[in-house]
Number of protein chains: 2
Amino acid sequence: MPPAARERNRRGEGERLREDIIEAATALMERAGCDEGLTLRGTARAVGVSPQAMYLHFDDLTTLVLAVLGRCHALMSSVMEAAAAEWDDPVERVLARGRAYITWGMANPGLYQVMYEGRVQAVHEPGEVPPGRKVLWAVRDDVTAAMASGRIPEGDAGLIAVQLWALVHGLVSLRANKPHFPWPDPLALADAGGRRIMGVGAGS
Amino acid sequence: MPPAARERNRRGEGERLREDIIEAATALMERAGCDEGLTLRGTARAVGVSPQAMYLHFDDLTTLVLAVLGRCHALMSSVMEAAAAEWDDPVERVLARGRAYITWGMANPGLYQVMYEGRVQAVHEPGEVPPGRKVLWAVRDDVTAAMASGRIPEGDAGLIAVQLWALVHGLVSLRANKPHFPWPDPLALADAGGRRIMGVGAGS
DNA sequence: ACCTGAACACCGTTCAAGT
DNA sequence: ACCTGAACACCGTTCAAGT
């Protein structure tokens, strides 16, 4: 098919092309299911512009991927925090975040793969705290609160938060990459595993 | 550099080229750290043969990757079972397999990525049980034995085995893909998480 | 039986040029 | 200020041919 020609932007409208590029790249990345799916030339075709025009807004393919990833991480984190906000009990807040993590990852397997399994690494300023880190800290704080109230046994809340992260990432990642395995319901699995890691119901 | 020319094989020595190709492909896959690192042409150059010669032994790039993956899965599984064989206690056998899994994954990040995060899916005959599945079953059986002896609380051993798999895969995968995060010792993390998931030390 | 030369359609990226 | 034409060195894959 001939590339849908795009009418030339006027002065000051260069920003619009940048937005269009990010949007098209996100769609391509999600559809293809991996960073392999995202090509500079393919994105240019989708936007209706020459491959070289990409370099007016992005230094290279990596920079474009980073722009897409920034949006994804912010979005995913906000979804997780929104899920946590519906509960008062710190244990339920932690489990709700885990379910939101898995739900988002399963709904966006292509983007998730680039976010958590791709070679493009998000780079942050020295003082900047990435959104994912904030969520991890929130989990750690909720675990600490649950310990303080005697809801779960004492332990190292930071280590538990990392174990919970590994569990949910492991479930999303394995499910996506080993589709032939007879997976049990990942949400139930994450809830059960999360409770076990936190020690919910373990004899005090 | 000029491709190191390889002397032509005699009749019946075509098998040797096949072996050389798989070996070179494994090295390239490990060095590059991802399937992206493995190119048909690059492997051909490393072996000292023309790109077209690859098609004498492999239908396409995917088939070559599958040949490498078959060896990797068999090797990793045998390492895990060897680690388990050093213990009598079923709980310790499970934890030993987890440590072996993580140790292998961290020692071979490039191969691990292709095995568990790549788009190339290993295909098995209807009746064939892949080596990784056998290890998972062995874990499930050890968990069952630990329950039967009262070492850990009762529960669904199959679900616990999957949770343990997700935990160790999650640790290896996240560690490889988020190198900027201040990771605690993954072996200690896997041991602690594994004990919690199995309910070791939980009040009976 | 074993392997290569030449070609095709892709890719990221660069440089000079056009409006 | 905004964008493209033409080119370079890569890639997987195919087809016809060489020893």
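Keep in mind the model is a prediction, meaning the values are calculated, not measured. Lettering follows sequence order; numbering is per chain, from 1.
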Would you kindly give the [atom1]-to-[atom2] distance between [X] and [N], to the nearest whole Å?
X	N	atom1	atom2	value
A:R16	D:dC3	CZ	P	10 Å
A:I21	D:dC3	CD1	C1'	11 Å
A:F58	C:dT14	CZ	P	16 Å
B:L61	D:dT14	CG	C1'	16 Å
B:L56	D:dC15	CG	P	14 Å
A:H57	D:dT4	NE2	C1'	14 Å
B:R18	C:dA1	CZ	C1'	17 Å
A:L38	C:dG12	CG	C1'	12 Å

Do any side-chain nitrogens or oxygens of [X] fall under 4.0 Å of OP1 or OP2 in [N]?
X	N	answer
B:R45	D:dC11	yes
B:S50	C:dC3	no
A:Y55	C:dT13	yes

Per [X] side chain, nearest of listed nucleotides [options]:
X	options	answer
B:T39	C:dT13, D:dC11, D:dT4	D:dC11
A:D60	D:dG12, C:dT13, C:dT4	C:dT13
B:R41	D:dG12, C:dA6, D:dT4	D:dG12
A:L17	D:dT13, C:dT4, D:dC3	D:dC3
B:Q52	C:dT13, C:dC3, D:dC15	D:dC15

B:W183 ring center within less than 6.0 Å of A:W165 ring center: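 Yes, the ring of A:W165 comes within the 6.0 Å limit of the ring of B:W183, centre to centre.
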Pairing of A:R93 and A:D89 as salt bridge, 4.0 angstrom limit: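 Looking at A:D89 together with A:R93, the answer is no, because their closest N to O distance does not fall below 4.0 Å.
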Ignoring hydrogens and geometry, is there a side-chain-to-backbone donor-acceptor pair from [X] to [Y] under 3.5 Å?
X	Y	result
B:R151	B:A146	no
A:E30	A:L111	yes
A:Q163	A:I160	no

Partner nucleotide of C:dA1 by Watson-Crick or wobble geometry (both distances under 3.5 Å): D:dT19
Who pairs with C:dC8 - Watson-Crick or G-U, where each distance is under 3.5 Å: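 D:dG12 is the nucleotide pairing with C:dC8.
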Sugar-phosphate, base or nothing in reach of A:L40, heavy atoms under 4.0 Å: sugar-phosphate
